[in-house]
Amino acid sequence: MSTEHQTETPMVEIRNVHKRFGDLEVLKGINLTVNRGKIISVIGPSGSGKSTLLRSVNQLEVIDQGKILLDGVQVNRPDKKGLAFERHINHIRQNMGMVFQHFNLFPHLSTIDNVTLAPRKLKGMDKNVARELGMELLDRVGLAEKAEVFPNWLSGGQKQRVAIARALAMQPKVMLFDEATSALDPELVDEVNRVMRGLAEEHMTMLIVTHEMGFARDVSDWAMFMDGGVVVEEGTPDKLFSDPDQERTRNFLSKHLGDHH
Amino acid sequence: MSTEHQTETPMVEIRNVHKRFGDLEVLKGINLTVNRGKIISVIGPSGSGKSTLLRSVNQLEVIDQGKILLDGVQVNRPDKKGLAFERHINHIRQNMGMVFQHFNLFPHLSTIDNVTLAPRKLKGMDKNVARELGMELLDRVGLAEKAEVFPNWLSGGQKQRVAIARALAMQPKVMLFDEATSALDPELVDEVNRVMRGLAEEHMTMLIVTHEMGFARDVSDWAMFMDGGVVVEEGTPDKLFSDPDQERTRNFLSKHLGDHH
Amino acid sequence: RDLSEIRDDVFQVVNSGAYPPFSFVDTQGNLVGFDVDIAEALAEKMGVEVNVQSSPWNGIIAALVGGRFDACICSMSNTEERRQAVDFTDPYYSAGLSVWVQGDTDDINSIDDFSGKRIGSTLGETGNQWAVENADGKWRNQTFQGLPDMMNGLTTGRIDAMIADDVPVLVAMQENAPDIKMVDVGDLPRWPAAISIQKNHPELLKALNSALKEIKADGTYQDIVDKWIGEGANIQ
Amino acid sequence: MEFDFGPVITYFPTLLKGLGVGSLVALVVAFMSIVGGLVVAVISIYINKVLSWPLRFFIWLFMTTPLLLQLYFLYFGLGEWILIPAILVGILGLGFHYMAYNADIFIATIKSVSDGQYEASRSLGFGHGATIFYIIVPQAFIRAIPQLGNNMILMVKDTSVLSAIGVAEVVYASQYAISVTFRPFEFFIVIAMLYYLINIFMELGQAWLERQTAYRR
Amino acid sequence: MDFSLMAEVTPLLIRAALVTIDISARALFFGFFVACGLVFLQSFRFAPIRWFARGYISVVRGTPYFVQLLLVFYGGPSIGLKLDPFTCGVVVGAFNIGAYMSEAIRGSIESVDKGQAEAARSLGFGKVQTMVSVVLPQASALMIRSVGVLAIVLVKNSSLVSIISVVELTYQAQRLIGSTYKPLEIFTLSALMYIVIVYAVMGIIELAYRRATRYTTQ
Ligand SMILES: Nc1ncnc2c1ncn2[C@@H]1O[C@H](COP(=O)(O)OP(=O)(O)OP(=O)(O)O)[C@@H](O)[C@H]1O
Ligand SMILES: Nc1ncnc2c1ncn2[C@@H]1O[C@H](COP(=O)(O)OP(=O)(O)OP(=O)(O)O)[C@@H](O)[C@H]1O
Ligand SMILES: [Mg+2]
Ligand SMILES: [Mg+2]
């Protein structure tokens, strides 16, 4: 097995993944390899299946066909049922942080508790240690002074940053971002950008769904363009954004680039 | 009174608006004039009070001080209480469409019903007429085939577009967008951009809160930069984005421009 | 209401409806019993129309005091305290307390033997009052909502002995012969059962008393006793 | 009607003692029925059907039959085999009864907590059970407070049913006193006031809870 | 079990059960309007009206039902309100359950996300229309459950009206036990009848609940 060569195992592997909702086939055989410490962006039009792909990676959506591997370990396990699958997937998910498009903060917990709940309960981290870690993370996203505030009182961007801090608190191997920066202003995008770079240096792997081409181009090591449930094209950001091979990609990007000139 | 010169009355006037949440003063005397058929963008860092300002315009937040006028008619009416204020504000709000940062679609209604509910109930529009209008609007945002689907089954961008269609269905005089395009991919941004331009030609006035500087610059006739509850600077997009007067604005924008080059 | 008003209307009488043989519903749903017949006999003598209804015990007192009913012909004991609140007619029978134990109990033969035992009584009845006032920490009182409950409690061993008016228990014994027996523990008080009416209605009181005398005199009373209590029984 | 509250004063200590007994029962029952109701709701929504079937039957049984009958069954019906002390019968009967009612409320509020919350928690690595415990239940509980308050306020007054099996709570105490003194209205008015006193505390508690949780919705 | 006795008393108990159904159904019907009225009054801006509604709810929930029955039944005539026992049961029942129901309705309404009402208001919906078109449909799931519980409570609490001499199921059963000394048989029968009634109510609740939550599952 390839797990012997730790450093060479890709962090995430997506192999021929299919997913349907009723009659609608949303993912039609997706393949993607994400190497350790890399940042991969997924772009594509609305409804193309980006969120569904991301949710499949940590099995919030059970896929119909194909394989997903995290660090060489298979994530989807059609052979495991019930409790056995539960135990397996909970363990896996602790290594994958996810930031949702709609944030999904826990409204009954203060900001700091949102961040520290998982390390306290899942890793049995001491309350004070967790608090320190949480404050550090909140500080990193510029929200230290909102620690005791409840999510309902936060602005959109503030919520999003709390969601990022919450996902980071488990010190996962991979971070999955679903439009993680859409509610952030440029200064913060820059901030998050720096945070991500820092994480990448600490060998954090990141899979990012985004609509902000500029951000995607800036931050990522590899980019993938999806449409209608299939991968249209992938490559380095430089290549994909400046000189795409596919007509479809060009069309999509031209709209965007048109915005700025 | 200035109402005689219809064309010269500004569509929206915000005069010295103050708003506090408990101890936190979020708006510290904002002034803004939005002329008929113009698109105004409000930009600024997270937590600067942009959403609060927008919500104040249609009195979802009751302001503590100042005046807001729609087409020469005062919106906030500290003198009116109870039912009188109710009648007044409901009437006013029918002329202001709002698209929320979190969309707030009605989960118990299908997409088309989300769009047609207001014209049917408030204008007594015939069911079939409303349906036709609704389908037209859904088509305009590219979602005709999702008419019978419930919001829970929509992707992020799809939800946002439904929210836009819903606000347009009342054929308001002013549209208020709170990050109305954050979940839209470039193609759609372009689409929405065109929709907005079309609306502007039909003399629709628009007030837009956005983080996408490119979009703001492209689409708007006037731009305002807020920070910490005050207006730092305003001007034409060309001036504001290329050659701002204030250090603070320059700083904020430099981060953004840095993204793309 | 006093008599004159009742004459124009109906004489409203209440009982508990769950106290055989004095008042109960038969399997046809009719309210019958000793108290009911007495009420009807009295009404006939008084020359008024009568309507007999039932209400749970805790409602009865309210019903009487509250004035929705004119009289309670419900085997009510005439006691000192109650006379503060209502008026009583002359007694129409006299009820005796009795003590009952399980068939195989032999260690309860006097009131002294109650010591340390659990003694049952029906909440709100005179037996209950006697047991509460005389317990003085010597025995534990346990109460029930009605005789059927209490007999159940006795046979299942929730209580060691029960205190109840004798006639209803004797009648119940005939009906379904549970394994219990009466023990003679010596002196237990007897209370006169009387009709209660609201205070300050002298006309009604007088009419009821004279009607009582009449039915006792002309044999109607003994016929009713024979019918419900037992041939030739003497409960005066 | 003339009122004479003299007798009430004589029996007031007994009434207070009855109130104490009733409150004690109510406290235990409140705890039992809320925790139990939550457990029943969680199991019947989340755990597999095999376990949930008997539970649904349990809910069904206690919801469909009157409390009084349940008490009679536990007190007299089981008397042939086991003699449960009256106060325990009362606690069990009331407890299970309101457990069934509360479960019904929790079922609705648990289902109303959005799927997004469940997913967010699962994606952090919380298991099914932990998600329910840390995320779903607290939010469902917050939403259930007004209805739970309603049920508990009803329950406090239902403790009077226990007088049927001889538990000396306040209605029981008054029943004895009324049959001795024949002053029903005076006693009922005083009982109503005593209950109202308890109710004020419960309403204050509920309002406090609602205020504490208002911004946590 | 004495089956012949059971057969004999069944018609009597059925008649009493019909009284139970009748009195509960009417109280529920009128109680719902009382509840809506109370919810409505609590939304007034004029504080004394709100206080009145809160005070009413507080007092009615705070005092025992049987005391309310007795006071209205016996105290009523002195203020010119002379109701026959059945009507009194319906009226007091409706005003009693209405207080609880208004709290149940309020709680359900408050459980709906605030953003929903804001979205409707921003479209120009008035308070009432927002309530009817947007908030209530989403509150209805919880409302059906919690009002449903109260409907069941009402059926079961109807036994308390016997205190004002209405012969309903429980009291009839107790009277029959008093005369026959057969508690097991008679309680079994009356329990069966309660089960049938309440089960029917639960069935209706379940159906309504499924309808109200249709949009969450497609
Ligand atoms: N209901 C509330 N109670 C208390 N504080 C609030 C409330 N709503 C907003 N705030 C605070 O007011 C400030 C301004 O919020 P607002 O939502 O207007 O920001 P914004 O400019 O829209 O930010 P973003 O770009 O992140 O959406 C924030 O600091 C926020 O925490
Ligand atoms: N639970 C569901 N049931 C049915 N259809 C669904 C469901 N979730 C998503 N879909 C559909 O699947 C398609 C892909 O959705 P997805 O959320 O993956 O899109 P996306 O690429 O993330 O779009 P966006 O950029 O707008 O967020 C959409 O057409 C959507 O309507
Ligand atoms: Mg998406
Ligand atoms: Mg905002």
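In the text below, chain A, chain B and the rest are named by the order of the sequence lines, each starting its count at 1.
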Nearest-0.5 Å distance that lies between atom [atom1] in [X] and atom [atom2] in [Y]:
X      : Y      : atom1 : atom2 : result
E:Y100 : D:I153 : OH    : CD1   : 7.0 Å
E:N157 : D:D158 : CG    : CG    : 5.5 Å
D:N150 : E:I105 : CG    : CD1   : 10.5 Å
D:I105 : E:R145 : CD1   : CZ    : 9.0 Å
E:E103 : D:Q147 : CD    : CD    : 9.0 Å
D:F188 : E:L71  : CZ    : CG    : 9.0 Å

To check you understand the geometry: which heavy-atom pair defines the closest contact between E:L142 and D:A108, and what is its length?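 Nearest heavy atoms, E:L142 then D:A108: CD1-CB, 3.5 Å.
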
With respect to chain D, which residue among [options] yields the maximal number of heavy-atom pairs within a distance under 4.5 Å?
options                        : result
E:I152, E:V155, E:I144         : E:I152
E:G107, E:S159, E:G148, E:S190 : E:G107
E:P64, E:P183, E:A104, E:S108  : E:P64

In this structure, are over 12 heavy atoms from other groups packed under 6.0 Å from [X] atom [atom1]?
X      : atom1 : result
E:F32  : CZ    : no
E:R211 : CZ    : no
E:F95  : CZ    : no
E:Y56  : OH    : yes
D:F5   : CZ    : yes

Please classify the contact of [X] with chain D as side chain, backbone, both or neither, using a heavy-atom distance under 4.5 Å.
X      : answer
E:V196 : neither
E:E206 : neither
E:V153 : both
E:R106 : side chain

Under 4.5 Å from any heavy atom of chain E - which part of [X]:
X      : value
D:V171 : side chain
D:S112 : neither
D:L61  : neither
D:Q139 : neither
D:F76  : neither

Do D:K157 side-chain atoms and E:Y65 backbone N/O form a donor-acceptor pair below 3.5 Å?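 No.
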
So does E:S58 get a backbone contact from the side chain of D:N199, meaning a donor-acceptor N/O pair under 3.5 Å?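 Pair found, side chain donor or acceptor close to backbone of E:S58.
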
Could you go through the side-chain contact (heavy atoms from CB on, under 4.5 Å) check for D:L154 and E:R61 one step at a time? CA-CA 7 Å; D:L154 268 172; E:R61 290 200 309 169; over 6 Å; no

Go through the steps for E:M202 and D:T64 under the test side-chain contact (heavy atoms from CB on, under 4.5 Å), then give the verdict. CA-CA 9 Å; E:M202 285 172 74; D:T64 47; 3.8 Å; yes

Option in D:L69, D:I189, D:I145, D:I198 with maximal non-hydrogen atom pairs under 4.5 Å from chain E: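 Most heavy-atom pairs under 4.5 Å with chain E: D:L69.
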
Residue pair D:K111, E:Y209: steps toward the side-chain contact (heavy atoms from CB on, under 4.5 Å) verdict: CA-CA 11 Å; D:K111 284 190 175 166; E:Y209 181 71; 3.2 Å; yes

Between E:E110 and D:R143 (salt bridge meaning N to carboxylate O under 4.0 Å), is one present in this structure? no

